[in-house]
Visitor: 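For reference, the structure I am asking about is given below.
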Amino acid sequence: MHLSREDENILKGESGAGRQAAMELLVAIGEAFDAPRMIPINRAHAASSGQEGDLYFAQILAEGGASCKVTTTTNPIVDLDYFQRYVAKEREEASVASKTKNFYKQIGAVMSQSCIPYLAENIPQYGEHVAFSESSATPYVNSVIGAMTNRESIQTALAAGVLGETPEYGLHLKENRKGTVLVKVQADVSDTFSYSLLGQYVGKKIASGIPVFTGIPQRPRVDEYIYLCAMLNVPGAIPMFHIPGITVEAKTEEDAFAGGKPKETITVTDDDLRQTQKELETASGPVSVVIVGCPHYNLDQLAGFAKLVAGKKVRYGTEFFVNTSATTKLMADRTGYSGVIEGSGVQLVVDTCIDMFCWNNLRDKAGMTDSPKCAYYRRFGPVKLGTIEECVAAVME
Ligand code: F3S
């Protein structure tokens with residue numbers, strides 16, 4: 001792999017141990033994928049988790065004097081203030097999360113703590129090279145925006161943010177962005193939940209590659225895209241997709257496959273989506289907790305949710321949590337959605353993720369969610385999966 005003189009010097013440690021560690025990681029990745037060189041990037045998103053592996057690398061960078069060269073946003077790392085009442089039991093995990101957050105701040109990362117940063121805090125442009133990790137972020141950025149990123153890990157995205165560059169391989173090259181699997185959608189996909197199940201089904205069925213969806217009835221809404229993107233990467237590793245005539249890099253099906261043929265063709269029916277839902281459900285009776293917002297709800301979703309819960313109340317003895325980003329919450333506060341939502345007894349939570357220790361107090365309770373990803377990674381006990389309307393009906397009246 002060819003390195004510039006400046007990169008060689010970074011690799012030798014001449015600009016500090018932090019940048020050296022970042023360069024060592026990216027050179028190793030580049031060599032593994034036969035990248036010819038490094039290319040500049042304009043922005044990065046690290047899917048920070050506040051867990052041990054995340055702490056380990058962030059600490060090496062921070063203590064080695066590294067700082068972000070380009071805008072680098074972060075995923076949720078638990079909001080300790082909000083969850084103070086729970087963390088007493090979970091001190092150790094809380095302190096790992098807290099230390100990790102401080103190291104991110106030290107290296108100059110933007111503390112967006114959002115899993116949908118591409119909507120507000122860190123928006124790539126069409127054709128731009130970036131380094132984004134996070135299940136929904138990578139396919140959204142590649143497919144919906146048309147920027148170019150590989151499916152990064154927390155550490156490779158952070159290293160790229162510190163160096164302002166990434167190895168040139170994979171989806172940074174036009175020839176690797178063509179479709180590989182034709183997905184004929186015969187199922188009725190008409191809301192966020194059905195797009196979630198579609199993503200979950202296709203991710204599991206094909207595991208990897210670039211699906212090309214046909215039969216999508218109209219341009220998906222932003223939240224439908226987000227939930228499709230996220231779920232593709234729960235059972236699968238899908239860095240991008242095309243919807244001919246709708247997503248930016250494929251006007252036609254022929255375009256999507258760059259004139260070639262799909263390696264595989266699958267169809268998706270209503271039965272497939274129903275079966276996907278059933279496979280993730282482990283509860284059948286009443287539930288005592290609902291968690292939605294995985295990925296974080298955007299402002300449109302909060303607007304719809306506020307309409308849905310207006311005049312209702314969370315039943316005594318049950319809890320309802322909605323995850324969102326701090327930026328979205330601010331807009332929801334100003335617009336009045338938060339008042340309606342919180343007035344109904346629903347807890348609007350920022351900066352955190354369903355995968356974090358703060359939900360451990362729910363581990364013996366039966367729960368419900370509208371997100372296959374949340375159902376898969378849940379911290380609570382047996383789970384039901386349903387539309388947001390069904391979630392509301394389960395614990396509100
Ligand atoms: Fe976001 Fe965590 Fe779900 S990062 S997508 S809330 S698993």
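First listed ligand is number 1; within each ligand, the first listed atom is number 1. Note that the coordinates shown come from a computational prediction; the quantities given were computed from them, not determined experimentally.
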Visitor: I want to confirm something. Looking only at heavy atoms, which of Glu134, Arg378, Lys373 is nearest to atom 7 (S) of ligand 1?
Guide: Lys373

Visitor: Using 0.5 Å steps for rounding, measure from the OG1 atom of Thr328 to the CG atom of Asp333.
Guide: 10.5 Å

Visitor: For Cys294, counting its heavy atoms only, list the atoms of ligand 1 lying under 4.0 Å from any of them.
Guide: 3 (Fe), 5 (S), 6 (S), 7 (S)

Visitor: Any side-chain donor paired with an acceptor under 3.5 Å for Glu253 and Thr214?
Guide: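 Side chains of Glu253 and Thr214: no pair found under 3.5 Å.
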
Visitor: Is the distance from atom 3 (Fe) of ligand 1 to the nearest N/O/S atom of Cys374 under 2.8 Å?
Guide: no

Visitor: Which residue holds the protein heavy atom closest to atom 1 (Fe) of ligand 1, what is that atom called, and what is the gap in Å?
Guide: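 Checked against all protein heavy atoms, atom 1 (Fe) of ligand 1 sits closest to Cys115 SG, 2.4 Å.
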
Visitor: Would you say the side-chain atoms of Thr71 and Asn122 include a donor-acceptor pair closer than 3.5 Å?
Guide: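 Judged by distance alone, the side chains do not pair up.
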
Visitor: Report yes or no: does Ile354 have a heavy atom closer than 4.0 Å to ligand 1?
Guide: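 Yes.
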
Visitor: Of the side chain and backbone of Asn323, name the one, both, or neither that has a heavy atom under 4.0 Å from an atom of ligand 1.
Guide: neither

Visitor: Side-chain contact test, heavy atoms from C-beta onward, threshold under 4.5 Å: evaluate it for Glu165 versus Met23 and give yes or no.
Guide: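 Of all side-chain heavy-atom pairs linking Met23 with Glu165, at least one is under 4.5 Å.
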
Visitor: Let me know which of Asn75, Thr74, Thr72 forms a side-chain hydrogen bond (donor to acceptor under 3.5 Å, both in side chains) with His45.
Guide: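 So the option named by the test is Asn75.
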
Visitor: Under a 3.5 Å distance rule, please check whether Glu168 uses its side chain to pair with a backbone N or O of Arg37 as donor and acceptor.
Guide: no

Visitor: Please identify which atoms of ligand 1 are closer than 4.0 Å to at least one heavy atom of Pro295.
Guide: 5 (S)

Visitor: For ligand 1, is there an atom lying under 4.0 Å from some heavy atom of Met356?
Guide: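 Flag not set, Met356 not near ligand 1.
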
Visitor: What part of Cys353 sits under 4.0 Å from ligand 1 if we count only heavy atoms: the side chain, the backbone, both or neither?
Guide: both

Visitor: Nearest 0.5 Å, what's the NE2-CE distance between His172 and Met38?
Guide: 10.0 Å

Visitor: Need the ligand 1 atom indices (1-based, order shown) with element for anything under 4.0 Å from a heavy-atom of Asn75.
Guide: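 Those of ligand 1 that fall under 4.0 Å from Asn75 are 4 (S).
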
